[in-house]
Amino acid sequence: MYKYFQVIIVSLILVSCKSTEEFTGFSYDPPDVTNTTDKVIQEQARRTIGVDLPKVWISNEFDGARMNDVYAYSDSTVEVFIAPENGPINNSPWYAFKIWSDTVRMAKIRLNYLDATHRYLPKLQSWVQPDSTWKQQMELPVQYDSATGTATFEVLLAPDPIIISGQPLHTSSDLLSTLTHRGVLGNSFVEMKEAGKSKLGRPVWELEITEVEPNEKAPVLAIVSRQHPPEVTGYLASLIFLEELAADNALVREFRETFVVKAFPMLNPDGVDMGHWRHNAGGVDLNRDWENFNQPETRIVKETLELLKNSELRQMFYAIDFHSTNENIFYPINEEVKTNPDNITQQWVERIQEDNEEVEFNIEPFDTSSPIAKNWFYHAFGIDALTYEVDDQISDEDLEQVSRSAAKSLMRVLLENWDKTSVEN
């Protein structure tokens, strides 16, 4: 009888908390963002272009590249034009291109965005032997022109190519090797499987981490990442979380023996590999498609996790959606909205701040009216969830420190709340 009334109460809460006004977008969103039916995209022509004398060569013939055109000027400035996959679109102009010269020389590179302004500081990556991988070497200082929105920087070129990109390059083909290198894959308690296909047929991977026996009851932590291709710092934070969840210590073992983790670490592989600013191959912002589910990537998560509703042994308990923006910011569900369990985010964020006093964080609660991932978890399961945003320009050291400490404090908070829930029920 108690469970019957509990279901009624949760249902009434979900209905009462639904906004009466139709959500049309946040203040920074372009018009029509919640129309998530397919939109036409303009695929960039893949090519290598030579300009100036001595010749400077620029290429976008690799996964993750974004370079639409190149021109040379008499003052030895090479202007690289960067256009989005379609528009209107949020101001998140991603760029990535290989560049080299016939001779060793300094060159000025000007990034010119169409209908956008500069956001990501250029990162220089060079080819490293013998493992033949691209490694980040340095961040390049820029001169920003606020009138035109362009950014200019100098770089030393040589016959050996380098990559210039808005963030370190992490494409869909790197995911499995990265998880292996980080010690996640290869463990008996980790299963990696293809949950479905993206718009263009790339795998959308589901990672499960647990030491719970199949016939035991367990709560579920869900993790989603890389809905927006350029948001690499949030993606890297999610991978550090997964690494911590696969570690070997008393806390993590207790967590894995209690919880099931279901993670979708790269939800938009098409957008990542195509060098998109924000959208998937359907020209849609995936994090506005968690109500209509018009795109295959969001449907994959929905159909995978909704199976838990019919399970007597698995209970959705908490969810995190990783992103990046121009600051470290948490977007929790408004505290007055009752979730089951309630206010996990507020408990967790307080501990993150205590553990990282030298790092600035902001907290901006939101209602549950928008069709974003966090709110779908609430509406579908009645649980608390968080949009976890990482600063675009966070240092490598702070990224490691904050992500690792946050993963540990999350495990403690979830274990405490599961114990409390188990006692109450």
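Quick caveat: nothing in here was measured; it's all calculated off a predicted structure.
- Contact check for V142 versus H118: side-chain heavy atoms found under the 4.5 Å cut-off.
- Pairing each heavy atom of T48 with each of W100, the nearest pair is CG2-CH2, 3.8 Å.
- In this structure, the side chains of N328 and V402 stay at 4.5 Å or more apart for every pair of heavy atoms.
- Listed for the N268 side chain is a donor-acceptor partner under 3.5 Å among the backbone atoms of H279.
- Between N187 and A246, the closest heavy-atom pair is ND2-CB, 4.1 Å.
- Taking CG of D391 as the reference point, atom OG of S324 lies at 8.5 Å (rounded to 0.5 Å).
- Counting non-hydrogen atoms of other residues, nucleotides and ligands closer than 6.0 Å to CD of E43 gives a total of 12 or fewer.
- E85 CD to N68 CG: the interatomic distance, rounded to the nearest 0.5 Å, is 10.0 Å.
- Put simply, the residue from F241, Y331, Y235 that forms a ring pair (Phe, Tyr, Trp, His ring centres under 6.0 Å) with Y388 is F241.
- Taking a cutoff of 4.0 Å between a charged side-chain nitrogen and a carboxylate oxygen, K408 and E254 do not qualify as a salt bridge.
- Contact detail for N86 and V40: the closest heavy-atom pair is CB-O, 3.2 Å.
- Remark: R46 engages no residue in a salt bridge (Lys or Arg N to Asp or Glu O under 4.0 Å) (not counting sequence neighbours).
- A heavy-atom distance below 4.5 Å is found between the side chains of N287 and H228.
- In this pair, F330 and F361 present their aromatic rings parallel. The plane angle is below 30°, not in the 30 to 60° band.
- Comment: E139 engages K123 in a salt bridge, judged by a side-chain N to carboxylate O separation of less than 4.0 angstrom.
- For residues 273-282, the salt bridge (charged side-chain N to carboxylate O under 4.0 Å, His left out) pairs, not counting sequence neighbours, are R202-D273, E231-R278, R278-D285.
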Mind running salt bridge (Lys or Arg N to Asp or Glu O under 4.0 Å) on K262 and E206 for me, showing each step along the way? CA-CA 7 Å; K262 287 187 172 290; E206 175 194 352; 3.0 Å; yes
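- In this structure the side chain of M106 never reaches within 4.5 angstrom of the side chain of L157, judged on heavy atoms.
- If you take CG on D398 and OG on S395, they are separated by 3.5 Å, rounding to the nearest 0.5 Å.
- For the atom pair CZ (F322) and CG (L236), the distance works out to 11.0 Å, reported to the nearest 0.5 Å.
- Ring-plane geometry between W376 and W290 is classed as tilted, the angle between the planes lying from 30 to 60 degrees on a 0 to 90 degree scale.
- The environment of Q143 atom CD is sparse: at most 12 non-hydrogen atoms of other residues, nucleotides or ligands sit within 6.0 angstrom.
- Salt-bridge formation is not detected for the pair D289/K302: no Lys NZ or Arg NE/NH1/NH2 atom is positioned less than 4.0 Å from an Asp or Glu carboxylate oxygen.
- Side-chain contact between D32 and K39: present, with at least one pair of heavy atoms (C-beta onward) separated by less than 4.5 Å.
- Ring planes of F23 and F26: perpendicular class, angle over 60° (limits at 30 and 60°).
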Applying side chain to side chain contact (heavy atoms under 4.5 Å, CB included) to N362 and E360, what does each step give before you reach the verdict? CA-CA 7 Å; N362 288 311; E360 185 175 350; 4.2 Å; yes
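- Side-chain atoms of T77 never come within 3.5 Å of backbone atoms of Y73 as a donor-acceptor pair (strictly under, hydrogens ignored).
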Are D63 and S172 close enough, and set up right, to give a side-chain hydrogen bond (donor to acceptor under 3.5 Å, both in side chains), and what steps lead you there? CA-CA 9 Å; D63 283 349; S172 70; 5.5 Å; no
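- Applying the 6.0 Å contact sphere to OH of Y71 captures no more than 12 heavy atoms from other residues, nucleotides or ligands.
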Might you work through the side chain to side chain contact (heavy atoms under 4.5 Å, CB included) test for Y28 and N90, ending with a clear yes or no? CA-CA 7 Å; Y28 49 81; N90 298 68; 3.4 Å; yes
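- For D38, the salt bridge (Lys or Arg N to Asp or Glu O under 4.0 Å) criterion is met by K199, not counting sequence neighbours.
- Side-chain atoms of S198 and D270 include a donor-acceptor pair closer than 3.5 Å.
- Separation of atoms CZ (F264) and OG1 (T298) is listed at 11.5 Å; rounding is to 0.5 Å.
- Heavy atoms of other residues, nucleotides or ligands lying less than 6.0 angstrom from CG of D115 number 12 at most.
- Taking the side chain as every heavy atom from C-beta outward, P371 and N292 never approach each other to under 4.5 Å.
- With 3.5 Å as the limit, one finds a donor-acceptor pair spanning the side chains of S165 and Q125.
- A salt bridge links E243 with R404: at least one charged nitrogen is closer than 4.0 Å to a carboxylate oxygen.
- Between L221 and F255 the shortest side-chain heavy-atom distance falls below 4.5 Å.
- Between Y120 and P93, the shortest heavy-atom distance links the atoms CD1-O, 3.7 Å.
- Contact annotation: the side chain of F381 never approaches that of F317 to less than 4.5 Å [non-hydrogen atoms, C-beta and beyond].
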Would you sort out whether N91 and T117 count as a side-chain hydrogen bond (donor to acceptor under 3.5 Å, both in side chains), showing the intermediate values? CA-CA 7 Å; N91 188 59; T117 57; 3.3 Å; yes
What do the steps show when you test N294 against T36 for side-chain hydrogen bond (donor to acceptor under 3.5 Å, both in side chains), and what is the final call? CA-CA 6 Å; N294 288 316; T36 57; 2.8 Å; yes
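- Cation-pi contact between R299 and F293: absent, since separation from the ring centre below 6.0 Å together with deviation from the ring axis within 45° is not met.
- To the nearest 0.5 Å, the span separating CD1 on I344 from CG on L386 amounts to 11.0 Å.
- Considering all non-hydrogen atoms of both residues, W277 and I89 come closest at CB-CD1, 3.7 Å.
- Crowding of Q42 atom CD: a count of heavy atoms from other residues, nucleotides or ligands under 6.0 Å not exceeding 12.
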Carefully, step by step, assess T387 and H323 under the rule side chain to side chain contact (heavy atoms under 4.5 Å, CB included). CA-CA 7 Å; T387 305; H323 289 266; 3.7 Å; yes
Where do N60 and Q44 land on the side chain to side chain contact (heavy atoms under 4.5 Å, CB included) test, with the steps shown first? CA-CA 9 Å; N60 62 3; Q44 58 182 325; 3.3 Å; yes
Step by step, would you call E79 with R110 a salt bridge (Lys or Arg N to Asp or Glu O under 4.0 Å)? CA-CA 5 Å; E79 189 156 32; R110 183 162 60 219; 3.1 Å; yes
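- Between R412 and E416 there is no salt bridge, since no side-chain N of the basic residue sits under 4.0 Å from a carboxylate O of the acidic one.
- Residue Y318 forms a side chain to side chain donor-acceptor pair (under 3.5 Å) with just one option from D384, T339, N417, T345, and that option is T345.
- Between A281 and I41, the shortest heavy-atom distance links the atoms O-CD1, 3.7 Å.
- A salt bridge links R288 with D29: the closest approach of a Lys/Arg side-chain nitrogen to an acidic carboxylate oxygen falls below 4.0 angstrom.
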